[in-house]
Protein chains: 2
Amino acid sequence: MKPISKEEYDLKCSTRQLFELMSEKWVPGLIYTLSLGPQRPGKLAGRLQGISKKMLTQTLRNLEDWGVVKRTVYDVVPPHVEYSLTSLGEKMVEPIALVHDWAQENREDIAKVFGNRLASKTS
Amino acid sequence: MKPISKEEYDLKCSTRQLFELMSEKWVPGLIYTLSLGPQRPGKLAGRLQGISKKMLTQTLRNLEDWGVVKRTVYDVVPPHVEYSLTSLGEKMVEPIALVHDWAQENREDIAKVFGNRLASKTS
DNA sequence: CCGTATCCTGAAGGATACTG
DNA sequence: CAGTATCCTTCAGGATACGG
């Protein structure tokens, strides 16, 4: 069996990279929500209950840096800002949808694994 | 637009749970490798270059706790141990393959996003 | 309304050395 | 060969308070 080099696993494996990108806590939620249309921060915060102002801004800034999200500022008072997906961002919706669909069909199994994981952490 | 409650996002969203499970550094690699057949720890370490003995054991223990991997010990000297996927583990190969395939077809885009991410970290 | 700055805790994960 | 134990660094991410 062919070995997977360290460099390959760390830097070249797109599969792992994708999982890593998507595991940032609010990333899938934000991308998915933005795929429904451009949104203002207030709306986003309202939809993703539990996200703090800090994490909202921070995650959006990251997505912006990654080239996934675009920030548009309207110069009015009070401030009006809108976030939308770039074309790159649109593409990222695909794997989320893929995993989402599979996850829906297999939620029992995931719940089992995830539950066992939580249980083993607290022991 | 319907809000996603904190509890829903944290505890009920199978999509996020799955991403979270798979983002543990060596999890996708180990599950995928084990899907090629039962393996001894030595073989696994040889294949996943860069994994430390600690992380190998630790991750395998976790997967065992989650019900994804089975550990079989043959009582001989020197010790002989084998790891294999449970039926639950076999199922987990599916989403990995799904993401893997998509990632292969879109490695350019992922590389772009991932690269931008790395770049923005070091600035 | 939108964003920034600081502080703080836990957890991930690598290095190393030791056991049967 | 397989596994355990310790130490240490980094960082995600939450709480809180302030600014335009």
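A note on names: the letters A, B, ... follow the listed sequences, proteins ahead of strands, and every chain is numbered from 1. It should be emphasised that the depicted structure is a prediction, and the values quoted were computed from it without experimental measurement.
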Checklist entry - Which nucleotide sits closest to the side chain of A:V81: C:dG3, D:dG3, C:dC1? => result C:dG3
Checklist entry - Over how many whole Å does the gap from A:I51 atom CD1 to D:dA15 atom P extend? => result 12 Å
Checklist entry - Parallel, tilted or perpendicular: which describes the rings of B:Y74 and B:H80, with under 30° parallel and over 60° perpendicular? => result perpendicular
Next on the checklist: Whether A:R40 contacts C:dC2 is assessed here as follows: a side-chain N or O lying under 4.0 Å from the phosphate OP1 or OP2. Is that the case?
Outcome noted: yes
Checklist entry - Knowing that exactly one of B:K70, B:K91, B:M92, B:E64 qualifies, which makes a side chain to side chain contact (heavy atoms under 4.5 Å, CB included) with B:T86? => result B:K70
Checklist outcome for this item: Considering only heavy side-chain atoms of A:W26, the closest of D:dA2, D:dA5, D:dG14 is D:dG14
Item to check | Which nucleotide in C:dT4, C:dC1, C:dG13 has an atom nearest any side-chain atom of A:P79 | outcome: C:dC1
Checklist outcome for this item: Picking from C:dC1, C:dT16, D:dG13, the nucleotide nearest the side-chain atoms of A:P78 would be C:dC1
Next on the checklist: I need the CD-P distance between B:Q58 and C:dG14, as an integer number of Å.
Outcome noted: 9 Å
Next on the checklist: Can you identify which nucleotide, out of D:dG14, C:dG13, C:dG3, has its nearest atom closest to the A:R61 side chain?
Outcome noted: C:dG3
Checklist entry - Whole Å only: how far is the NZ atom of B:K54 from the C1' atom of C:dT19? => result 18 Å
Checklist entry - Could you state the CG-C1' distance from A:L56 to D:dT16, rounded to the nearest angstrom? => result 17 Å
Checklist outcome for this item: Between CD of B:Q39 and P of D:dC1 the distance, given in whole Å, is 15 Å
Next on the checklist: Rounding to an integer number of Å, can you tell me how far B:E64 CD sits from D:dG3 P?
Outcome noted: 9 Å
Checklist entry - Parallel, tilted or perpendicular: which describes the rings of B:F19 and A:F19, with under 30° parallel and over 60° perpendicular? => result perpendicular
Checklist entry - Whole Å only: how far is the NZ atom of B:K53 from the C1' atom of C:dT19? => result 11 Å
Next on the checklist: In whole Å, I'd like the distance from the CG atom of B:D75 to the C1' atom of D:dG3.
Outcome noted: 15 Å
Checklist entry - When you check the phosphate oxygens OP1 and OP2 of D:dG3, does a side-chain N or O of B:R71 lie under 4.0 Å from one of them? => result yes
Next on the checklist: Is A:Y83 close enough to C:dG3 that one of its side-chain N or O atoms is under 4.0 Å from OP1 or OP2 there?
Outcome noted: yes
Next on the checklist: Checking A:K25 against B:E20 for the salt bridge (Lys or Arg N to Asp or Glu O under 4.0 Å) test, could you report, in this order, the C-alpha distance in whole Å, the side-chain angles of both residues, the deciding distance, and whether it holds?
Outcome noted: CA-CA 8 Å; A:K25 181 160 182 182; B:E20 203 177 315; over 6 Å; no
Donor-acceptor pairs under 3.5 Å, side chain of residues 53-62 of chain A to any protein atom, not counting sequence neighbours: which ones?
unit_1 : atom_1 : unit_2 : atom_2 : d
A:T57  : OG1    : A:K53  : O      : 3.0
A:T59  : OG1    : A:M55  : O      : 2.6
A:R61  : NH1    : A:Y83  : OH     : 3.2
A:N62  : ND2    : A:E24  : OE2    : 3.3

Checklist entry - Which nucleotide in the list D:dG13, C:dG3, D:dG3 gets nearest to the side chain of B:T57? => result D:dG3
